[in-house]
Q: 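Pasting a structure here, questions to come.
Counting convention: from 1, in listed order, for ligands and their atoms alike.
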Amino acid sequence: MNLFVLMKRTFDTEEKIVIETGKIQDDGAEWIINPYDEYAIEEAIQLKEKHGGTITAVTVGGEEAEKELRTALAMGCDQAVLINIEDLEEPDQYSISQVLYHYLKNQEFDLILGGNVAIDGGSGQVAPRLAELLDIPCITTITKLEINGTDAEAERDVEGDVEKIKTTLPLLVTAQQGLNEPRYPSLPGIMKAKKKPLEELELDDLDLDEEDAEPKLKTIERFLPPKKEAGKLLQGEPAEQAKELVSLLRSEAKVI
Ligand SMILES: Cc1cc2nc3c(=O)[nH]c(=O)nc-3n(C[C@H](O)[C@H](O)[C@H](O)COP(=O)(O)OP(=O)(O)OC[C@H]3O[C@@H](n4cnc5c(N)ncnc54)[C@H](O)[C@@H]3O)c2cc1C
């Protein structure tokens, strides 16, 4: 099987976000593989263990994403591709899916696995947009996947319920928590990863003009939620406290 994993480099979830002049400051931030993409990588590895094949991890980003691609190789991917988009200004979901499309349309693939959502951008758009461009079926938020020849059966999470879906390859799926338990890279895996192929491509290599990947969206403003004020501790007997609470809800919070 030819398996491709769409992998995004994101802020660590523990990272405190700082916004200056409308931009997110990422100096000194810790970066990780988008957690949902780790499920996608793990699923690709398990499918390869069952059916054989090759796994290619693909990232659209800057040169620094090489570190996370090496981690994907250490987990068990066979090769990696970094599509460098440093020339693109403020890429959006349209830009990223166009870039991925121009790369993947020239590849032979059976299955493309992505994350259900990126924990930073959070739009959940890139993978379904890519499936649409490639004109292949797409199943989002999967929690189970079985491949039998060219048939695929998946279970997807729908707000706590399970939906069972049948389709055929080539297919794109996005991973939801519960699909598997992503493995940690082993020491031999880390050593092997250093020698695995990591190809770096530019937009020119994909025959993609900058204009064709120009964003359709412009972010007008970014801001953090207002700081929470300190809570008020009411004193006295329960009846007095209840009286004061009602009075505060009426006069200060103005909710009753
Ligand atoms: C180098 C770079 C510069 C950026 N600069 C700006 C900017 O200036 N202004 C701005 O508003 N936004 C910027 N972005 C953010 C960009 O618009 C979003 O990353 C992109 O639109 C994806 O949307 P999302 O994060 O909501 O991903 P989602 O659609 O939520 O991601 C879902 C899944 O799609 C796949 N995927 C998503 N992104 C990638 C990727 N890059 N490579 C491979 N697979 C991917 C993954 O499998 C992921 O789990 C930048 C992103 C990059 C990589």
Q: Look at atom 10 (C) of ligand 1 and find which of Glu90, Glu86, Arg222 reaches it with the closest heavy atom.
A: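 Selected option, by shortest heavy-atom distance: Arg222.
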Q: Touching ligand 1 at all, Glu64? Heavy atoms, strictly under 4.0 Å?
A: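 False for this residue.
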Q: Have a look at ligand 1 and work out which part of Val126, if any, has a heavy atom under 4.0 Å from it: side chain, backbone, both or neither.
A: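 Under 4.0 Å from ligand 1, Val126 contributes backbone and side-chain atoms.
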Q: Considering the options Lys8, Arg9, Arg222, which one meets the salt bridge (Lys or Arg N to Asp or Glu O under 4.0 Å) requirement together with Asp120?
A: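 Answer after filtering Lys8, Arg9, Arg222: Lys8.
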Q: Name the option, out of Glu63, Lys8, Gln125, that contains the heavy atom nearest to atom 18 (C) of ligand 1.
A: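 Heavy atom nearest to atom 18 (C) of ligand 1 belongs to Lys8.
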Q: Examine the proximity of ligand 1 to Glu89 and report which part, side chain or backbone, both or neither, has a heavy atom under 4.0 Å away.
A: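 Glu89 to ligand 1: no contact under 4.0 Å from either part.
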Q: So which of Gly121, Pro91, Ala118 gets nearest to atom 15 (C) of ligand 1, if we judge by its closest heavy atom?
A: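 Selected option, by shortest heavy-atom distance: Pro91.
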Q: Minimum heavy-atom separation for Phe11 and Ile119, please, with both atom names.
A: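 Nearest heavy atoms, Phe11 then Ile119: O-CD1, 3.6 Å.
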Q: Write out the residue and atom name of the closest protein heavy atom to atom 53 (C) of ligand 1, then the distance separating them to 0.1 Å.
A: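 The answer is Val60 O, 3.5 Å.
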Q: Under the side-chain hydrogen bond (donor to acceptor under 3.5 Å, both in side chains) rule, collect the residues that match up with Glu153, sequence neighbours excluded.
A: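 Counting only residues at least two positions away or on another chain, Glu153 forms no side-chain hydrogen bond (donor to acceptor under 3.5 Å, both in side chains).
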Q: State whether the shortest distance between N or O atoms of Gly61 and N or O atoms of ligand 1 falls below 3.5 angstrom.
A: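 N/O-N/O distance under 3.5 Å: no.
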Q: Can you find an N/O atom of Gly114 closer than 3.5 Å to an N/O atom of ligand 1?
A: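 No, since none of the N or O atoms of Gly114 sits under 3.5 Å from an N or O of ligand 1.
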Q: So that I can tick it off, tell me whether Lys23 and Glu90 are bridged by a salt bridge, with the cut-off set at under 4.0 angstrom between side-chain N and carboxylate O.
A: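 Lys23 and Glu90: salt-bridged.
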